[in-house]
Number of protein chains: 2
Amino acid sequence: MGVTKTEAFSAIDNRIARYAKALAHPARIAILKLLIKRQACICGDIVHELPLSQSTVSQHLRELKKARLIRGDIEGASVCYCIDAAEWAKASALTRAFFEVQPGAAAKCC
Amino acid sequence: MGVTKTEAFSAIDNRIARYAKALAHPARIAILKLLIKRQACICGDIVHELPLSQSTVSQHLRELKKARLIRGDIEGASVCYCIDAAEWAKASALTRAFFEVQPGAAAKCC
DNA sequence: GAAAATTATCGTAATATTGCGATGAATAAG
DNA sequence: CTTATTCATCGCAATATTACGATAATTTTC
C-alpha cells in the first residue's frame with residue numbers, strides 16, 4: 001500500500017530506518033557532503049553544484065529537514081542550510097551501533 | 001518521475017545511497033538484526049517473528065538481496081538467509097566514513 | 001515603487017514502494 | 001503418487017518518490 005506498518009516495529013528500528021531513508025538518494029548524500037565540506041552553511045549554491053533543477057533540490061532539502069539532519073536559517077533573501085549537529089550525532093551513533101554488532105560472526109551461512 | 005538520475009552522481013554516493021535504501025524500512029532493520037542475533041541463518045522463521053505476511057517478508061528479503069547485504073542458500077524445502085559478511089563490512093565502512101567526517105564542525109550555522 | 005534574485009510550493013507525470021492474497025514451483029513426508 | 005510445507009512471484013490497490021516547469025512569497029537592488 002506504499003504505507004509502512006510503523007507501529008509494528010520498535011522505536012529504534014523506526015529511527016534507524018528514518019535516517020537511512022534520508023540518505024537513500026545520491027543527491028541527498030551529495031548535499032550532506034557539501035554542507036560538511038563547506039562547514040559553514042550554504043544556500044542556493046547547492047543548486048549550482050548539483051545537476052538538478054532548483055525545485056528538485058529544494059525538495060531534497062525538505063526531505064533532509066524532515067529527517068532533522070539539517071536546519072535552514074533564513075538569511076535575507078536566501079536560506080542558509082547546515083547540518084544539525086545533535087541529530088547528526090544521534091544518526092551516526094545509531095547507525096554505527098547497528099553495523100557494529102557482531103562484525104565477523106555473520107560470515108558463516110548455515 | 002520516481003526515477004533517480006544515478007549517472008549524475010559519484011559511484012561512492014550512489015553506493016552509500018544503495019545501502020541506505022536497503023535500511024530505509026523498519027522491517028528490513030528488524031530482519032537484519034534477527035540474522036545477526038541468530039548468527040547462523042534463518043529461513044521462514046523470520047516470517048513468524050515479524051508482523052507481516054509471508055509474501056511481504058519475502059519481498060523485503062529480496063530487497064536486501066538486491067543490495068547484496070544478505071545471501072540466501074537453498075536448504076531442502078526451505079531457504080537459509082544470512083548476512084553477506086564482505087558486503088556488510090563495505091557498507092559499514094562506507095557509512096561510518098560518511099558520518100565521521102568533521103564530527104563537530106557542523107555545529108555552527110551561518 | 002518596480003525589477004531582479006532567491007526559495008518554497010503546487011501541479012503533473014512517471015515510476016517505485018509497501019502490503020496482501022492467490023498462485024506456482026520445489027522439496028519433504030505420508 | 002499424493003499431500004503438505006516452504007518459499008518466490010504475480011497481480012492488485014494505495015501511496016510515496018523523483019523530477020520538472022510554473023507560480024507565489026520574500027527580500028534586495030535600482
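Bear in mind that the values here come from a model prediction, so they are computed numbers and not experimental data. The sequence lines fix the lettering, A, B, ..., with proteins before strands; numbering per chain opens at 1.
The CD1-C1' distance, from A/Ile46 to C/dA8, rounds to 14 Å in whole Å. Look at NZ on A/Lys5: it is 15 Å from P on D/dT15, rounded to the nearest Å. At whole-Å resolution of the value, CG in A/Leu61 and C1' in C/dT9 are 14 Å apart. One atom, CD of A/Glu7, and another, P of C/dG19, lie 9 Å apart when rounded to the nearest Å. Computed from coordinates, the B/Asp73 CG to D/dC7 C1' distance equals 14 Å when rounded to whole Å. Rounding to whole angstrom units, CG of residue B/Asp45 and C1' of D/dT5 are separated by 13 Å. Between the CG atom of B/Leu52 and the C1' atom of C/dG21 there is a distance of 14 Å, rounded to whole Å. The distance from atom CD of A/Gln59 to atom P of D/dG21 is 13 Å, rounded to the nearest whole Å.
Each side-chain hydrogen bond (donor to acceptor under 3.5 Å, both in side chains) pair with one or both residues in residues 18-30 of chain B, not counting sequence neighbours, appears once here: A/Thr4-B/His25, B/Arg15-B/Tyr19, B/Tyr19-B/Glu87, B/Arg28-B/His60.
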N/O contacts under 3.5 Å, protein versus nucleotides 1-4 of chain C?
none

Heteroatom pairs (N/O) under 3.5 angstrom, protein to nucleotides 22-29 of chain D:
{"from": "D/dT27", "atom 1": "O3'", "to": "A/Ala77", "atom 2": "N", "distance (Å)": "3.4"}

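Using modelled atom types and a 3.5 Å distance limit, the side chains of A/Ser58 and A/Ser55 yield no donor-acceptor pair.
A/Thr56 has no side-chain polar atom (N or O) that falls below the 4.0 Å cut-off from OP1 or OP2 of D/dA19. Between A/Tyr81 and C/dT6 there is no side-chain polar atom (N or O) within less than 4.0 angstrom of OP1 or OP2. Between A/Lys21 and the phosphate of D/dA16, there is no side-chain N or O to OP1/OP2 separation shorter than 4.0 Å. Residue B/Ser53 has no polar side-chain atom (N or O) positioned under 4.0 Å from OP1 or OP2 of C/dG19. An OP1 or OP2 oxygen of D/dT17 is reached within less than 4.0 angstrom by no side-chain nitrogen or oxygen of A/His60.
When heavy atoms are screened at a 4.0 angstrom cut-off, A/Thr4 is found touching the sugar-phosphate backbone but no base atom. At the heavy-atom level, B/Glu63 lies nowhere under 4.0 Å from the strands shown.
A salt bridge does not link B/Glu49 with B/Lys33: none of the charged nitrogens is closer than 4.0 Å to a carboxylate oxygen.
When the nucleotides D/dT17, D/dC7, C/dG19 are ranked by their closest atom to the side chain of B/Cys43, D/dC7 comes out on top.
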